[in-house]
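Structure, as structure tokens:
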Amino acid sequence: MNVNRALFDDVMVPNYNPAKMIPVKGEGSRVWDQEGKEYVDFAGGIAVNCLGHCHPAMVKALTEQGNKLWHLSNVFTNEPAIRLAKKLTDATFAERVYFANSGAEANEAALKLARRWALDKFGAEKNQIIAFNKGFHGRTFFTVTVGGQPAYSDGFGPKPGAVQHVDYNDLAALEKLMSEQTCAVMMEPLQGEGGVISPDAEFVKGVRALCDKYNALLIFDEVQTGFGRTGSLYAYQQLGVNPDILSTAKALGGGFPIGAMLTTTEIAQHLKPGTHGSTYGGNPLACAVAEAVFDVVNTDDVLTGVQKREQLFKAKLAEINEKYDIFKDIRGKGLLIGAELNDKFDGKARDFLNAAAEEGTMVLVAGPSVIRFTPSLIIPEQDIAEGLERFERAVAKLVG
Ligand SMILES: *Cc1c(COP(=O)(O)O)cnc(C)c1O
């Protein structure tokens, strides 16, 4: 069979439009395509490959578990799932874990739990969910409706109700909307897809205070910010605010599909037996890999290494900007970095992505005008230097 990009168009639903080249192999922060061309990977599978490609600890966990036990369903529990839940609860505010297979599913569980909690404790009127414009929470119909980009949720008929949005970092607008009918506020502790936008410290504290005032749950979507990405295991740990529910996925499995919802015992009890579930959730293969990722990521070495690498990225991006004057802002936290193009290049982020790939560096965009970098948390400094040199060549060509 001739496996190529043209065949993709023949056999796939056209909801994606992937690059022309097809990657076939990865090692650390390098990737090779069918032609043998090599790339430095600053995309990391969209903030997923937190230990790069084919990390030995992950390969070991996967092959060991693969020779032992693959799947049971939740009719039975399994050792890797229990171990991983114990480690996650020991390392966070949480006391209870629900496993899912993706970020959207973890968020779906979080939202259903919040609704059930409010119904049980306060009655049916307490059902309002407030989230933020430009926020992203996944593509199930509930989560995409809570996400703040109508373009993603429009066109599928009637949406789940009682969901409202305000601007991120606008505490006054949130306060105006909140009442005793507010069931939950859902937010990313740093908006990823929406353009790599940090919250003001006062804003996060204010959201927490409003949730307390109105007996509403605060849900942090840490699907992108979590698992070391911002330099702590979870981003909330640097914000001085605990959520009531936290969702995590992407880097949690380092490339193996898994998601989880974390919460307190008090809140968790409202998901009684039979109220929610998933065939694959807590699958032994996924949990064994995630446990191996956890053991590497949740160390001082890796977490302080993230902050060091952040400085390297930001310094070199600033240097490129000095020469070519393309960015109006270089921002983000840890290895979730956004570089916003200035007005001259407004809407052109994808051109930079394509030019970078041409030179052998994979980057991401976050909206039309922001170039996003979410590499492996342990990317070697040499790869950062070489990848950014290639990126600079792409910029030089594009800017001419
Ligand atoms: C990627 C992402 C999701 C969705 O995760 P999936 O695994 O694609 O379902 C949800 N929330 C945030 C913040 C994300 O970045």
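Both ligands and their constituent atoms are indexed starting at 1 by order of listing.
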Need the ligand 1 atom indices (1-based, order shown) with element for anything under 4.0 Å from a heavy-atom of [X].
| X | result |
| --- | --- |
| N107 | 10 (C), 11 (N) |
| Q224 | 15 (O) |
| E188 | 13 (C) |
| S102 | 7 (O), 9 (O) |
| D221 | 10 (C), 11 (N), 12 (C), 13 (C) |

Decide whether an N or O pair under 3.5 Å exists between [X] and ligand 1.
| X | value |
| --- | --- |
| E105 | no |
| V223 | no |
| A249 | no |
| G138 | no |

Gap separating the CG atom of D343 from the OG atom of S369, nearest 0.5 angstrom: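 Going from the CG atom of D343 to the OG atom of S369 covers 8.5 Å.
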Option nearest atom 7 (O) of ligand 1 (shortest heavy-atom distance, choices G103, P189, A47):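 Closest candidate by heavy-atom distance is G103.
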Lys/Arg N to Asp/Glu carboxylate O, K68 vs E64, below 4.0 Å: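 Salt bridge flag = no for E64 with K68.
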Under-4.0 Å heavy-atom contact with ligand 1, by part of T225 that carries it: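 For T225, there is no contact with ligand 1 at all, from either part.
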Side chain, backbone, both or neither: the part of H137 lying under 4.0 Å from ligand 1 by heavy atom: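 Backbone only.
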Nearest-neighbour protein heavy atom for atom 14 (C) of ligand 1, which is reported as residue plus atom name and distance: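 Going by distance alone, atom 14 (C) of ligand 1 is nearest to K250 NZ, 2.9 Å.
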Nearest-neighbour protein heavy atom for atom 9 (O) of ligand 1, which is reported as residue plus atom name and distance: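 Answer, as residue, atom name and distance: A104 N, 2.8 Å.
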Joint cluster assignment, V223 & V241, ILVMFWY side-chain distance < 4.5 Å: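 In one cluster with V223: V241, no.
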Using the ring centroid of each side chain, check whether [X] and [Y] are separated by less than 6.0 Å.
| X | Y | result |
| --- | --- | --- |
| F373 | F391 | yes |
| Y16 | F8 | no |
| F327 | F352 | no |

Aromatic plane relationship, F220 with Y236 - under 30° parallel, 30 to 60° tilted, over 60° perpendicular: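 Aromatic pair Y236/F220 classed tilted.
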Between E95 and T264: side-chain donor-acceptor atoms closer than 3.5 Å: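 The answer is no; no qualifying pair exists.
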Side-chain donor-acceptor contact under 3.5 Å, T248 with Y234: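 Looking only at side-chain atoms, Y234 and T248 do form a donor-acceptor pair, the distance falling under 3.5 Å.
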